[in-house]
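Notes follow once the structure below has been shown.
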There are 2 protein chains.
Amino acid sequence: MSDEQVPQDFEALKAAILQRKAVLPKRLKQVAAYALDNPDEIAFGTAASIAVSADVQPSTLVRFAQHFGFEGFSSLQQIFRARLRERAPGYDERLRALAEKGHDELESGAILNGFTAAAHNSLDALTSAIDPVRFDKAVSVLANASTIYLIAKRRAYPITSYMAYAFGKLKIRCQLVGTAAGIDDDMLAFAGEGDAAFAVSFSPYAAETVGQARTVAEKGIPVVSLTDSVFSPLAEFSAVWFELAEADHAGFRSLSASMAFAMALTVAVAEKRQQIALK
Amino acid sequence: MSDEQVPQDFEALKAAILQRKAVLPKRLKQVAAYALDNPDEIAFGTAASIAVSADVQPSTLVRFAQHFGFEGFSSLQQIFRARLRERAPGYDERLRALAEKGHDELESGAILNGFTAAAHNSLDALTSAIDPVRFDKAVSVLANASTIYLIAKRRAYPITSYMAYAFGKLKIRCQLVGTAAGIDDDMLAFAGEGDAAFAVSFSPYAAETVGQARTVAEKGIPVVSLTDSVFSPLAEFSAVWFELAEADHAGFRSLSASMAFAMALTVAVAEKRQQIALK
DNA sequence: AAGAGAACAGAATAAACATTCCATTCGGTG
DNA sequence: CACCGAATGGAATGTTTATTCTGTTCTCTT
């Protein structure tokens, strides 16, 4: 409805949605968010299937469409399909389009491209560097732990901090070591039989991380570790360890592959726990 | 019919068509030619509309699909739609290679693969989602700041914690907000003219992050923000904001693309600072 | 050239689909 | 707190759509 004009292309629709997003009723806002986040689903799905995904009624989709001036859901859907037609032409034309986007014209854009490329490379390396059998073993070790101690400092710290967040959401007990100086060793003193640790350290290896992990290992607690070199001191005393080298851009490394690895490990541990619990 | 396998993707279908092209009956050949020449039409059209375009009967389309082992026209159409959905032509080969590496034999390996694939997709989305001009603008804002305040909680916190580490190494003054509860607001109280802030928040948005960023913005301090949806409340008051949706695997999202973005932003800021300093 | 088999067009049918309608709930206001 | 309008969920509806079926037309073989 409204006296305004009906959006004729995706950009216009997006603009219209953003403009009215504050005024939109609850369910319609829900649809709006879903539509902008999953445009492909709207393009190909049926009203029923989309309704399930977006957790609304099919009729809500129709109302949404009418709210923005369309006759019904179908005519709204045309917008989403047209969008795909425009940018679907060939196989590798996409890459050319990227180059034409002007990323390289600005220096900052070139940097962004560089890190993206480095991240892709890191992920490729990840696949070949991680032996699935060892990965599964690491998962088992951590899944059987009562409490998982996450040890990391400096550049590796964001990895364990994310794992701590995810483990928390998954209701798996863990203890993040490396936050405040001083109390780390006190926390680790609580570690005992039935626990396990996950240590991350990249070159140059933080002495603290290595020392703490070693102490834990000497107490008989299994340590799983992630490093960027076979020479890592962590390898000596770890039950399972992984070498994962991040590609760099201009000497700086992002944590893209490590993050993917960490997340996979976290979720795999959660999954294995459920299996264990079911027995 | 035929003892062969039903094509599961567009490439396989194309190969099957070309292989049997000579043996195909007249009308079916006609459909085959049309399908390969106008794949988009097949993807979006209805049997009736395609029949008109290709100058055949709808029933011929059904027979064509069945001739290649599909149950009916609809299941054939899925192949053409899947082709358009594929975000990254070129990566499909890589992903197929992944699957053949034996990772899938173990469940934990499948999870690792899933996150790797999701990370690749996220990175692809990153390239097209970030407007280089806006990125450059964001870099400028942060490069001119005296102190950069990094605001993030929960799932977004690892990103700023990594940036804080990197900024530290690069000798750029920054303040990480979000560590310990309570003192955050006190730290932000120091923020004043000449400073800038970088806020990260993913759905569901932490109220604290939004509130703190808003407070800072209202003091006239420019805020650069990173979110995963255009609906983010951060967008309202940010000088520059970026929407970056991470692909998920089984509902869990890693931070691979966000990490690459964060690192690019960090390094680009450092670079621009040097340029400014030289003048 | 005649017969048999496959291929086809077009109508009939059944399934899927978007849409509409109405009873109920929700959220704001006097 | 009661009221009113907007918003919503869910079933009923009517339309569109794919599919099946049947009589006919090709096409190849002998």
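Keep in mind the model is a prediction, meaning the values are calculated, not measured.
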Task: d(NZ, K29(B); P, dC8(C)) in whole Å - done: 11 Å

Open item on the list: Any side-chain to backbone donor/acceptor pair from S49(A) onto G45(A)? Under 3.5 Å, distance only.
Closed with: no

Open item on the list: Distance check needed: dC17(C) C1' versus E71(A) CD, whole Å only.
Closed with: 15 Å

TODO: With V31(B) as reference, evaluate L24(B), I17(B), I42(B), V56(B) under the side chain to side chain contact (heavy atoms under 4.5 Å, CB included) test and give the passing residue.
DONE: V56(B)

Task: All pairs passing ring pair (Phe, Tyr, Trp, His ring centres under 6.0 Å) where residues 12-32 of chain B contributes a residue, at least two apart - done: none

Task: Of residues 41-52 of chain B, the positions that come close to DNA chain D - non-hydrogen atoms, cut-off under 4.0 Å - done: T46(B), A47(B), A48(B)

Task: Gap between atoms CG and C1', on L61(B) and dA7(C) respectively (whole Å) - done: 15 Å

- [ ] Keeping to residues at least two apart or across chains, list the ring pair (Phe, Tyr, Trp, His ring centres under 6.0 Å) pairs with something in residues 18-43 of chain A.
- [x] none

Task: Between C1' of dA7(C) and CD of Q66(B), the distance in whole Å - done: 14 Å

Open item on the list: Can you measure Q30(B) atom CD to dC8(C) atom P for me and round it to whole angstrom units?
Closed with: 9 Å

- [ ] Please identify each residue that fulfils ring-ring contact (aromatic ring centres under 6.0 Å, His included) with F261(B), with sequence neighbours left out.
- [x] F135(B), F242(B)

- [ ] Would you kindly check if the NZ (Lys) or CZ (Arg) of R83(A) is within the cone defined by 45 degrees around the ring axis of F10(A) and under 6.0 Å from the six-membered ring centre?
- [x] yes

Side-chain atoms of residues 233-240 of chain B: list all donor-acceptor pairs with protein atoms under 3.5 Å, sequence neighbours left out, distances to 0.1 Å.
unit_1	atom_1	unit_2	atom_2	d
S238(B)	OG	S225(B)	OG	2.8
S238(B)	OG	L234(B)	O	2.6

TODO: Can you tell me the distance, in whole Å, between the CZ atom of F73(A) and the P atom of dT20(C)?
DONE: 14 Å

Task: Pair K219(B) + D195(B): basic N to acidic O under 4.0 Å - done: no

Open item on the list: One character per nucleotide, please: for nucleotides 3-8 of chain D, 5' to 3', B when the base has a protein heavy atom closer than 4.0 Å, S when only the sugar-phosphate does, - otherwise.
Closed with: ----SB

TODO: State the CD-OG distance between Q66(B) and S59(B), to the nearest 0.5 angstrom.
DONE: 10.0 Å

Open item on the list: So, OP1 or OP2 of dT19(D): does either fall under 4.0 Å of a side-chain N or O from S74(B)?
Closed with: yes

Open item on the list: Distance check needed: dA18(C) C1' versus L76(A) CG, whole Å only.
Closed with: 13 Å

